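For reference, positions follow the sequence shown, starting with 1. Every value quoted in this text rests on a predicted model; they were computed, and no experiment measured them.
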Amino acid sequence: MSSVKRIICLANSWKLKERCIAGIDIDTGKWVRPICDSLYPEDGRVPESVRLINGREPQLLDILEIPLADIGNNFGFESENLSVLKGNWRLIGRTLPYELNKFCSDTQ
């Protein structure tokens, strides 16, 4: 099954001349890393042609809608990976840093 997931972008880092995007799924509170395992089966990096929204890189604290599968290649240790599906990424808003508090816990 697949769906469009809404994530708060908390990472946009370089990965082998492309990008690694990650963030918090607003609906589940879980860490999510969209991966393009169909294009890059060895590491899942996300190419510019997939991640740009109207020519703009996702930025920290952007709220993104991304078409994602419910599973993805975990490369043996990254259970948060979800495969990117066909469709456009959308910027639907931004969040403020203090709004992330609801996704934090102080338990160890």
Which atom pair, heavy atoms only, marks the closest approach of [X] to [Y]?
X      : Y     : answer
Pro58  : Cys9  : CB-SG, 4.3 Å
Pro41  : Asn73 : O-ND2, 3.8 Å
Leu82  : Asp70 : CD2-O, 3.4 Å
Phe103 : Ile26 : CE2-O, 3.9 Å

- Asp62: salt bridge (charged side-chain N to carboxylate O under 4.0 Å, His left out) partners, not counting sequence neighbours: Arg56, Arg94
- Query: Looking at Trp89, is Arg51 sitting on its ring face, NZ or CZ under 6.0 Å from the six-membered ring centre and within 45 degrees of the normal?
  - Reply: no
- Query: Does Glu18 reach the main-chain N or O of Glu48 with its side chain, forming a donor-acceptor pair under 3.5 Å?
  - Reply: yes
- Query: Is there a path of hydrophobic side-chain contacts, each under 4.5 Å between heavy atoms of I, L, V, M, F, W or Y residues, that connects Leu91 with Ile66?
  - Reply: yes
- Verify whether one side chain among Asn12 and Gln59 offers a donor that lies under 3.5 Å from an acceptor in the other. no
- Distance only, no hydrogens: is a donor on one side chain within 3.5 Å (strictly under) of an acceptor on the other, for Asn74 and Ser79? no
- Carboxylate-amine/guanidinium contact Arg45 Glu42, below 4.0 Å: yes
With a 4.5 Å heavy-atom cut-off, do [X] and [Y] have their side chains touching?
X     : Y     : value
Ile35 : Tyr40 : no
Glu65 : Lys5  : no
Leu61 : Pro97 : yes

